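Here's the structure, in structure tokens; my notes come after.
Both counts, for ligands and for their atoms, begin at 1 and track the order of listing. Both backbone and side-chain heavy atoms feed into the values below; hydrogens, waters and symmetry mates do not. Predicted model only: the values in this text are computed from it and were never measured. Throughout, numbering of the chain's residues begins at 1 and tracks the sequence.
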Amino acid sequence: MEKDLFTSRINAVADKVFIERWSPRSFVPNTISELDLKKIIDAARWSPSTMNEQPWLFFTASRETSKFQEFVKCLNEGNQVWANHSSVIGFIIARKFFKKKPRENSLAEFDCGAAWMALTIQARLLGYYTHGMGGINRAKIEELFNLDEKTQKVIMGFALGKRADASALPEELRNKEIPSPREELGDIWKTM
Ligand SMILES: Cc1cc2nc3c(=O)[nH]c(=O)nc-3n(C[C@H](O)[C@H](O)[C@H](O)COP(=O)(O)O)c2cc1C
């Protein structure tokens, strides 16, 4: 475990792949291999979902592609500053309706969240970090991907890459570059 960063995790008992996951903002502006990115998105594909609807759709742009800067522009300015250095920017889109029923799938967003965590953990297993972003311009994303807002919902964006030292960040972000604390287990778990 990275000792200095994780002093608040003394009571943690989960496996270290969970405890050592966090959301850095400082990324090494490297190219990710196509295979690693494929593995990371494939991990999301194997997530459970309501009636196996798999209501997720992923758009990604790697930093060496011409689309990368267009993806960056779909982030709020505060996120652009640091996410601009990541290897990949991605967006997760939910399909709002069931495929075989004319009914809204009220758990589609929840299932996208499960897929997000799967890709995040696969990323960690390969030595990468992710950082989720709700601070995105949904209208711009709908336009960029020609989405139908009646049937599709932009859920979140994410940055993916190898973590860099905090010193690479603008000063105002440097002291935020630490893992966040958590509620105590006893506060979120009532065992009977
Ligand atoms: C759906 C979602 C949206 C988020 N939006 C942003 C964001 O727009 N900007 C940002 O800097 N962090 C964002 N975060 C990161 C959270 O602030 C972070 O996950 C939380 O503080 C817990 O910290 P940790 O991931 O380092 O454990 C988001 C995370 C998630 C899961």
Number the atoms of ligand 1 from 1 as they appear, then name those within less than 4.0 Å of a heavy atom of [X], with their elements.
| X | answer |
| --- | --- |
| Met156 | 1 (C) |
| Arg21 | 24 (P), 25 (O), 27 (O) |
| Trp22 | 26 (O) |
| Trp82 | 11 (O) |
| Asn79 | 7 (C), 8 (O), 9 (N), 10 (C), 11 (O) |
| Arg25 | 10 (C), 11 (O) |

Where does the angle between the aromatic ring planes of His131 and Trp82 fall among parallel (under 30°), tilted (30 to 60°) and perpendicular (over 60°)?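 Plane angle between 30° and 60°, so tilted.
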Assign the ring pair Phe59 / Phe145 to parallel, tilted or perpendicular, where the plane angle (0 to 90°) is split at 30° and 60°. parallel
Within the side chain of Lys140, is there an N or O that forms a donor-acceptor pair under 3.5 Å with the backbone of Ile136? no
Is the backbone N or O of Asn175 less than 3.5 Å from a side-chain atom of Glu177, with the two atoms forming a donor-acceptor pair by type?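 Checked: no pair found.
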Looking only at protein heavy atoms, which one is nearest to [atom], and what is the separation?
| atom | result |
| --- | --- |
| atom 10 (C) of ligand 1 | His131 NE2, 3.3 Å |
| atom 26 (O) of ligand 1 | Ser23 N, 2.9 Å |
| atom 31 (C) of ligand 1 | Trp116 NE1, 4.0 Å |
| atom 3 (C) of ligand 1 | Gly134 N, 3.2 Å |
| atom 13 (C) of ligand 1 | Gly132 O, 3.0 Å |
| atom 21 (O) of ligand 1 | Ser180 OG, 3.7 Å |

Atom CD of Glu172: over 12 foreign heavy atoms under 6.0 Å: yes
Close side-chain approach of [X] and [Y], heavy atoms under 4.5 Å:
| X | Y | value |
| --- | --- | --- |
| Thr50 | Phe110 | no |
| Phe158 | Ser86 | no |
| Thr151 | Arg95 | no |

Could you tell me whether Met117 approaches ligand 1 through its side chain, its backbone, both or neither, with non-hydrogen atoms closer than 4.0 Å? neither
Any side-chain donor paired with an acceptor under 3.5 Å for Asn84 and Gln69? yes
Given the protein's heavy atoms, is any one of them under 4.0 Å from atom 29 (C) of ligand 1? yes
Indicate whether atom 17 (O) of ligand 1 is within a distance of less than 4.0 angstrom of some protein heavy atom. no
Hey, is ligand 1 close enough to Gly135 that some N/O pair sits below 3.5 Å? yes
Salt-bridge present (Glu53, Lys99; N to O < 4.0 Å): no
